[in-house]
Structures are given as C-alpha cells and as structure tokens.
Amino acid sequence: MASRFNALKADASWQKVWDESRTFAARDDSPKPRSYVLEMFPYPSGRIHMGHVRNYTMGDVLARYRRMIGHEVLHPMGWDAFGMPAENAAMEKGVHPGAWTRANIETMKAQLKRLGFALDWTRELATCEPDYYGHEQALFLDLFKAGLVYRKESAVNWDPVDMTVLANEQVIDGRGWRSGALVERRKLSQWFLKITDFADDLLNGLGALEHWPDKVKLMQENWIGRSQGLTFSFKLSDGDKVDVFTTRPDTMFGSAFVAVAADHPIARALADRNPDAAAFIELCKRGGTTAAELETQEKLGFDTGLTATHPLDPAWQLPVYIANFVLMEYGTGAVFGVPAHDQRDLDFARKYGLPVKRVVSEGEIEDPVFVGNEAYGGPGVLVNSHFLDGMDIEDAKRTVISRAEGEGWGTGSTVFRLRDWGVSRQRYWGTPIPIIHCDTCGVVPVPRDQLPVVLPEDVSFDVPGNPLDRHTAWNTVDCPSCGATARRETDTLDTFVNSSWYFIRFASQPEGKPFDRAVAEQWLPVGQYIGGVEHAILHLLYARFWTRALKHIGQLDVAEPFAGLFTQGMVTHETYSRTIETLGTDGVDVIHKPLWLGPDDIERRDGGVFEIATGEAVTIGRVEKMSKSKKNTVDPEPIVDQYGADAVRWFMLSDSPPERDLPWSESGIEGSWRFVQRLWRLFDGATEGGEGASKDAALDRKLHQTIAGIAVDIDALSFNKAVAKLYALVNEIERAAPSASRSAAIATLMRLVAPMAPHIAEEAWAAAGNDGLIADAPWPEVDPALLVEDEVTIALQVNGKLRDTVTMAKGTAKDVMEALALANPNVQRSIGDATPKKIIVVPDRLVNVVA
RNA sequence: GCGGACGUGGCGGAAUGGUAGACGCCGGAGACUUAAAAUCUUCUGCCCUUCGAGGCGUGCGGGUUCGAGUCCCGCCGUCCGCACCA
C-alpha cells in the first residue's frame with residue numbers, strides 16, 4: 001500500500017547509480033545532435049548558496065530534457081578557483097590559499113552532488129591547478145606573439161586595502177568592487193590585452209546574438225560606446241597644435257573655448273613652468289569620482305594664456321583652458337566647447353564669462369545670443385553658421401567633415417568608450433604571467449618547454465602586498481635569452497582571464513595543449529549559458545573578446561562563445577530586524593540602527609514576530625537578495641536533508657519566472673515537498689495494476705497537451721509554466737476514475753517530471769519494472785490528434801461584456817453560433833429592447849452582439 | 001542626467017487583441033481521527049444582492065477597436081545599468 005517517498009534514501013542511491021555508470025559523461029564522438037548546456041562556474045567560497053541551487057537546477061532541467069529528446073549533452077562543472085577571498089582567508093586564518101580553496105571545492109562538490117545534477121564530472125576542472133593555468137599561460141604567450149598583449153606605464157586604479165590594481169570595470173562609484181575602499185590613482189607598468197582592437201567587431205557581433213536578452217546586449221553596446229564624429233587639430237598660438245574629438249562638428253561655429261584634461265601633455269608642459277597651473281592640476285586630481293560628487297562638482301578651468309585658431313576662420317582665436325571635466329582617457333583628451341548646445345560647456349562658459357552663441361535653432365529663434373542656463377541639445381536647423389545655415393544637423397555634420405578632410409585639418413573618426421583590458425594583478429593567488437624581465441634583453445617570454453610557471457607553495461601572508469615580490473628564490477631566474485640573472489614577472493592575471501576560456505577547456509581537455517581545435521569546434525558555441533546578470537558586461541565581454549582573439553590567431557574558428565544566454569533572477573528572502581541604539585562616531589549622539597536577525601533567530605507567536613533569544617519584537621523588512629550582511633540567507637544543505645533534492649529543485653522552478661527574483665519561503669518548500677509526496681502516491685498506486693481497460697478521452701487529451709506544452713516551456717526556460725502544467729495534469733489524473741488511460745498517464749508522468757525531479761522519477765521508473773534509467777529514457781511522444789479539442793467553450797458577449805458561456809462542437813458554423821447566441825436568455829435579457837446593430841462572430845471563440 | 005525593464009487578488013504569478021486571476025502559497029468551512037499530523041472535499045478579487053442576477057476591477061488619465069492586462073499617447077511609481085564619454 002501507499003508508502004512515503006523516502007527522499008534521503010532514494011537521492012543517495014540514484015546519485016550513486018548515475019555516478020558509477022557515468023550516465024552524464026558526454027561523448028565527443030557521438031553521432032547525435034549536440035547540446036552544450038553551461039551554467040557559470042562557481043567561485044569556491046566555502047559552501048553553495050541558494051543562488052547556485054537555482055542556477056544549476058535550471059541548467060539541469062534543460063540538460064536532462066535535451067538528453068531525453070535524443071541529444072548528446074555536454075553539461076560540465078568546474079571551479080573558478082583563483083581570487084582574492086582565498087588570500088583574505090590566508091591573511092585572516094593563516095591557511096594557505098590553495099589548501100583553503102581545495103577544501104572548499106571538496107565541500108561544495110559534495111553539496112552539488114546531493115542535488116542530483118546531471119553533470120559530467122569527468123571534465124571537472126579548477127582554474128587554480130597548473131594543468132589549467134599552464135595552458136592559459138601558453139595562450140597568453142600566443143596572444144603576446146600576435147601583438148595582442150602589451151605593457152605600458154599607466155595610471156591605474158589602486159585599491160589601498162586589497163593592495164592591488166583594479167580594472168575600470170572593477171571600480172564602482174570610485175570604490176573597489178570587492179573592498180569598497182576609495183580607489184587611488186597610481187602609475188605602474190601594467191599588462192594589457194588589446195580588446196579595443198575588437199571593439200567594432202564586439203559591437204557588431206551583438207546583432208547576431210538572437211538568443212541573448214536585449215538588456216544584456218544593450219549594456220554591452222553602451223559599454224563599448226561607439227561614437228562617430230570628427231577628429232581635428234587646432235593650431236595654438238605657441239606654434240604647437242592640439243587634437244580634439246567631437247560628435248558635433250555641425251556646431252563648429254558655436255565654439256567658445258578649447259579645453260584639455262589635467263593630465264594632457266599640454267597641461268603637463270605648462271605645469272613644469274607655471275606653479276599656478278601645477279597647483280590647478282593637483283586640485284583636479286584630488287576631486288572625488290563618485291556620482292554624487294561629480295554631479296555637484298563645479299566646472300573649473302585654468303586659462304593657459306594660449307589661444308587656438310578656429311580652423312574655419314583664421315581670424316578667430318579661442319582661449320585654451322585646462323579643465324577638470326575633460327577626461328584624458330576618452331577621445332584625444334581635449335575638447336572644444338560649444339556652450340549653447342552642451343550643458344557642461346554652458347556651465348563652464350557662464351562661470352568664466354565666455355560668449356554663448358546659438359548655432360542650432362529649433363524654430364523661430366535665431367538670435368545669436370543664447371539665454372538661460374539650459375543648453376539645447378535637440379534637433380533643429382543650423383543658424384549663425386555661415387555656409388551651414390539652413391542645413392539640418394546631419395547634413396551639417398557631413399558637410400564639415402568632408403570640408404575638414406578636403407582641407408586636411410581633420411578626419412571623420414570613430415571613438416570608443418571601451419578601453420584596453422588591464423590584466424595585471426599584484427596578487428599571489430592567480431595565474432603567473434609567463435614573462436621574464438632581463439636587464440639586457442628586456443621582456444622575454446618564458447620558453448614553452450618551461451611552462452607551466454607554477455606558483456610557489458611556500459609563501460607567507462603576514463605582510464600586505466604580493467608575496468611573489470618577496471619570494472626571491474622563485475622570482476630570480478636565468479634569462480632564457482642571454483642566461484644572465486633576471487627577474488620573473490610577479491604580477492598574476494586577472495581572474496576574468498581564467499573564466500574567458502574555461503568553456504573551451506570543458507569541451508576539449510587534452511594534456512599537451514589548451515584544447516583540441518576540432519573537438520572544441522564540435523561542441524562550441526555553448527548552446528545555452530545560464531548565470532547572473534551581474535556578469536552582463538565584464539565576464540561576457542571578455543569571453544567574447546578571448547574567442548575572437550583565438551580566432552584571430554587561427555586557433556579556433558568560433559564566432560561567438562555563447563549562442564544562447566539566460567540571466568536568472570536572485571533568490572530573495574524576508575529580512576528581520578529590531579532597532580538598537582548605539583553611540584555615534586562622536587561618542588555622544590545616540591543613533592538608532594537595525595540589528596539584523598536570521599530566519600532561525602525569530603519565532604512567530606501571538607500574532608507577532610519575536611527574537612527567540614531576547615523575546616524582543618521583530619520588524620519584518622523587505623524581501624531582499626540573500627546576503628550575509630542582512631542575515632537573511634538560507635543554507636541549502638539542511639533544506640536538502642529535510643525535504644530531499646527533488647522538493648528543493650521543484651521549489652526553485654516553481655512560481656517565479658526564472659529571470660525574476662524568487663522569494664524563498666518555508667511554506668513554499670513545504671508545498672513542493674507535499675507535491676513530491678503526491679507524485680509518489682500516484683506512482684505507487686500505479687504499480688498495483690491499472691484496473692479497467694477503458695479509455696478516458698479527456699485525460700488522454702490533457703496528457704498529450706501537457707507533453708507538448710511543457711516541452712515548449714522547457715525549451716523557452718519557462719520552468720514556472722511547465723510546473724503549473726504538471727500541477728494541472730496531476731490534479732486531473734487524481735480526479736479521474738481508474739482506466740487504462742489513467743494508468744498510461746501516470747506512467748508517462750514519470751518521464752515528464754524526470755528533468756525536474758529526477759530521483760523520484762528513477763525510483764518510480766524502477767518500481768514500475770522498467771529497464772534501464774529514466775535518465776536515458778526518451779521523452780514521451782505526442783499524438784497530434786489529441787492536441788485539438790473537439791468541444792470548445794464560446795463566450796457570449798453583449799457590447800463586449802461577458803453574458804454567458806456555452807459549449808459547442810469545435811468548428812460550429814458562424815450562423816449557428818450567432819443563432820445560439822441570440823437565443824440565449826442571458827444575452828436576450830442584456831439586449832432588452834435594443835436592436836442588434838452588428839454581430840461579431842469569431843469561430844470557436846466568441847460571439848459579440850453590438851446593440 | 002542618459003538608457004532599459006517592470007507595475008494584475010493577502011502573496012508568487014497565468015493570460016496568440018477575444019471568458020482576467022490558470023497553477024501554487026496563505027486563509028475559511030467540512031470529512032476522516034479519541035486527538036493531532038498527514039490526507040481528502042469545498043470555498044476564496046472587491047461591492048451589492050430579493051440568490052435570478054447585477055455593478056466595479058490589471059498603477060493613473062486619455063485614445064484606437066465590436067472587444068484592451070495586451071496596441072498608441074501622456075503621467076506616476078518601483079527596480080536595474082551607465083554616468084563629466086565631448
């Protein structure tokens with residue numbers, strides 16, 4: 001008789017079977033159609049969290065479903081194992097980063113296994129092992145040889161807490177993305193990858209990514225930031241010249257000044273002989289870079305005393321300023337100011353009393369004197385602009401550019417916001433950059449036969465900074481070129497380099513080289529990539545670049561690494577807090593602030609919520625992303641212990657659309673657990689023999705509609721809809737009287753739930769006497785004849801309002817429908833004395849009487 | 001400031017321009033039980049009700065349409081990304 005489904009026991013036994021039979025190992029030589037399903041690999045921080053569970057469950061459902069429809073599926077897992085937390089742990093706990101990382105991997109791997117993911121563990125990799133990063137070093141040298149790697153002295157973002165350089169992308173509001181410390185500017189010799197060589201291609205390539213979210217494509221587009229315009233020269237009064245870039249060459253006749261960045265060569269030259277200029281430049285550098293500071297920061301300038309000759313009017317001299325709002329990193333580091341049509345220029349002009357001349361008019365206004373403090377940037381017609389007068393903006397741009405090119409003082413040009421990728425990190429726990437610095441030979445690549453350059457194990461973290469710098473036994477080497485004593489590069493690679501090609505290594509991992517081209521090309525691109533939207537720019541852009549770079553050097557012919565991308569929402573939870581009083585920094589003021597409490601710290605009683613430890617009343621806060629700081633995390637492991645893997649997986653897929661946030665709740669997981677038990681009661685009952693040989697046509701139809709429906713939903717990653725359809729099917733099976741149809745439906749249901757709840761599906765499959773694994777079973781076939789209803793419910797409307805519904809045979813003739821509608825008492829009552837003016841009949845849908 | 005997404009019951013959310021609220025959660029009532037748990041049945045947008053029905057409902061205001069959650073215009077709100085990018 002019906003027993004309980006023992007999830008703990010079933011989970012373990014089926015996981016063991018899958019493991020031992022290598023059920024999910026992908027075959028490189030398979031003749032089947034291929035599916036590469038990949039979720040962003042985790043950083044081994046210690047334990048898995050609900051975000052991982054949700055991410056990997058989604059990928060798993062897709063992978064298992066694709067197997068069932070006959071694909072050879074590659075669904076691998078590995079570890080993004082280099083990074084700063086390991087070094088932080090080393091400093092705080094005195095444990096070696098490698099030992100810490102490898103222990104975390106063991107823990108997390110065991111946790112992932114308990115969720116029964118259909119992963120090919122034979123391809124597992126960890127980026128911190130020499131057999132991964134050694135190949136990365138080889139690829140780095142290939143790119144170096146191809147001229148895609150260079151070294152330059154540059155101002156870098158220095159994180160004073162983590163004691164490292166950060167990429168621009170890792171600076172958020174002027175603070176380090178990890179430490180939150182205010183970033184300083186420093187000059188260091190750094191390694192760069194020439195991502196800007198591919199700026200155009202990276203931008204254009206977005207157009208072909210049909211299965212990427214528009215949002216992510218747009219974010220990348222904005223990040224790459226292509227601007228078309230004119231780059232041209234001003235002759236300066238000292239005989240020098242200055243190049244500027246503008247997207248508005250049409251406004252040439254509205255210019256009032258030229259401004260250069262504080263670190264522009266002209267500014268630096270002036271500072272050498274003018275202490276006031278030097279002081280101004282210092283002032284500019286001190287300015288904060290946060291959004292709030294920038295918004296309120298005044299536009300400041302320093303008059304260099306130089307003048308610039310307007311290229312279209314030799315008699316016209318413009319003052320040249322050093323200005324705090326001009327960026328050296330963008331364009332040419334110099335601009336010409338058109339105050340009437342650019343807000344920053346207007347602010348600047350008003351402050352220094354410069355002329356403000358209107359050159360674009362949106363209507364009747366043609367007065368050259370521009371009034372007000374709001375620049376006009378909209379459409380219009382050129383005015384006060386000599387030969388440009390009367391043209392629209394685009395015409396005027398073209399005219400000025402062709403004139404500049406004809407006269408030789410400027411060229412039409414494209415400028416990108418994207419900068420080259422600085423990959424040097426002054427850290428230990430990363431891929432050593434395979435370069436040797438020799439006093440005589442300069443920069444010398446490590447010879448291939450000396451790869452991998454392995455990280456030394458014996459390092460100490462008792463002082464800040466990079467331990468590799470202090471490790472002279474490691475960093476002192478003979479120059480491969482001249483044999484003299486030389487020094488190893490002690491910078492390591494940004495961890496984003498590790499994740500820029502791991503998906504290629506998953507597809508093919510030979511021993512002697514990074515990948516086998518033919519094998520990798522069979523699997524790539526990744527068909528469906530799933531991960532958090534936080535990687536929309538950095539990781540995804542770098543991986544796209546790396547793929548292009550490999551293509552450029554002839555190692556891999558793949559246009560894009562990820563054909564399909566899905567960004568899943570976060571797992572959220574209520575927050576709990578009570579207010580505590582604490583003294584402010586002055587030691588006097590009393591500040592009220594929330595003390596966050598965890599879900600296990602509180603209890604609900606007497607209609608309220610209280611802290612268990614103190615009995616104090618607790619405030620329920622907003623539902624937020626699970627985070628340690630808000631203490632609203634739920635550890636997956638005890639949940640799996642209590643409810644089993646299938647219930648947890650089911651909950652992860654239920655209710656919320658996968659791209660939106662999923663609010664974790666106790667009642668939700670209990671509901672999922674109840675459903676698993678409901679399934680078991682059906683499956684268990686089915687083995688007792690399906691009594692009756694009768695057909696149940698309605699149930700047959702429902703079953704086949706469900707098979708077809710959830711296939712569509714899974715393909716679209718609409719797991720919540722697939723789950724709802726399964727609930728509806730189960731409801732109907734439970735209500736149905738015993739019949740052959742019902743028994744068949746239950747047998748089919750096993751396969752329908754197999755991608756989502758694989759353990760109970762295997763258990764039921766085996767109990768029903770089937771051979772082999774349900775994981776290897778084919779997806780049920782759909783009988784197309786059963787997808788169409790033979791009866792339909794028709795809505796009867798009067799003036800668009802629903803008055804009744806009637807059931808009739810599908811395909812009922814229009815005039816019959818109309819007659820039935822007019823004969824309907826509810827319709828008649830609603831029409832009353834009025835005469836129908838018009839009757840709309842939509843076959844198999846509705847009749848609308850307009851009266 | 002620029003760009004984007006979203007707004008539907010107490011909650012998560014369904015809905016090719018055609019019966020709004022599928023499915024789940026919470027909640028109510030009942031059955032089974034000595035009792036509880038589990039399970040099952042049933043109700044569950046709001047208002048009004050003479051129990052036949054009716055009215056109102058998808059952030060707000062307009063519009064297109066026989067018909068709008070869905071399309072168009074204008075607001076409001078929430079969230080996300082970028083941000084002195086010339």
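No hydrogens, no waters, no symmetry mates; every other heavy atom, side chains included, goes into these values. Note on naming: letters A, B, ... go to the chains in the order of the sequence lines (proteins, then strands), and numbering restarts at 1 for each one. Keep in mind that what you see is a predicted model, and the values were worked out from it rather than measured.
- A/Tyr727 comes within 4.0 angstrom of the backbone, heavy atoms only, and of no base.
- Set against B/G12, B/A86, B/G4, the side chain of A/Ser656 has B/G12 as its closest nucleotide.
- Using P as the reference atom, B/A37 and B/U49 are 37 Å apart when rounded to the nearest Å.
- In this structure, B/G24 and B/C11 make a Watson-Crick or G-U wobble pair, each of the two defining distances being under 3.5 angstrom.
- Base pairing analysis places B/A5 opposite B/U78; the two distances defining the Watson-Crick or G-U wobble pair are each below 3.5 Å.
- With hydrogens and angles ignored, no donor-acceptor pair closer than 3.5 Å exists between the side chain of A/Arg674 and the base of B/U39.
- Tested against A/Asp347 for a side-chain hydrogen bond (donor to acceptor under 3.5 Å, both in side chains), the candidates A/Arg344, A/Arg350, A/Lys351, A/Gln343 yield a single pass: A/Gln343.
- Using a 4.0 Å heavy-atom cutoff across all strands shown, A/Lys837 reaches no nucleic acid atom at all.
- Of the candidate nucleotides B/A14, B/G18, B/C82, B/A14 has the atom nearest to the side chain of A/Arg660.
- Checked against a 6.0 Å centroid threshold, the rings of A/Tyr376 and A/Phe370 do not count as neighbours.
- For A/Tyr330, counting side-chain heavy atoms from C-beta on, the closest listed nucleotide (B/U39, B/C85, B/A15) is B/C85.
- B/A14 sits 7 Å from B/G21 when the C1' atoms are compared, rounded to a whole Å.
- Remark: A/Arg678 is not in phosphate contact with B/A38, judged by side-chain N or O atoms under 4.0 Å from OP1 or OP2.
- As judged by a 4.0 angstrom heavy-atom cut-off over every strand, A/Arg735 is placed among residues making no nucleic acid contact.
- A/Phe651 pairs with exactly one of A/Tyr643, A/Trp664, A/Trp673 by the ring pair (Phe, Tyr, Trp, His ring centres under 6.0 Å) rule, that one being A/Trp664.
- At B/A37, none of the side-chain N or O atoms of A/Arg4 fall inside 4.0 Å of OP1 or OP2 (strictly under the cut-off).
- Contact annotation for A/Lys801: backbone-only contact, meaning every heavy-atom pair under 4.0 Å involves sugar-phosphate atoms and none involves a base.
- With hydrogens and angles ignored, no donor-acceptor pair under 3.5 angstrom links the side chain of A/Arg248 to the base of B/A86.
- Among the atoms of the strands shown, only primed sugar atoms or phosphate atoms (P, OP1, OP2) are found under 4.0 Å from some heavy atom of A/Asn720.
- Side-chain to base pairing of A/Arg681 with B/C40: no donor and acceptor N or O lie closer than 3.5 Å to each other.
- Not one side-chain nitrogen or oxygen of A/Ser672 sits closer than 4.0 Å to the OP1 or OP2 atom of B/G24.
- A/Asn731 has a side-chain polar atom (N or O) that falls below the 4.0 Å cut-off from OP1 or OP2 of B/G24.
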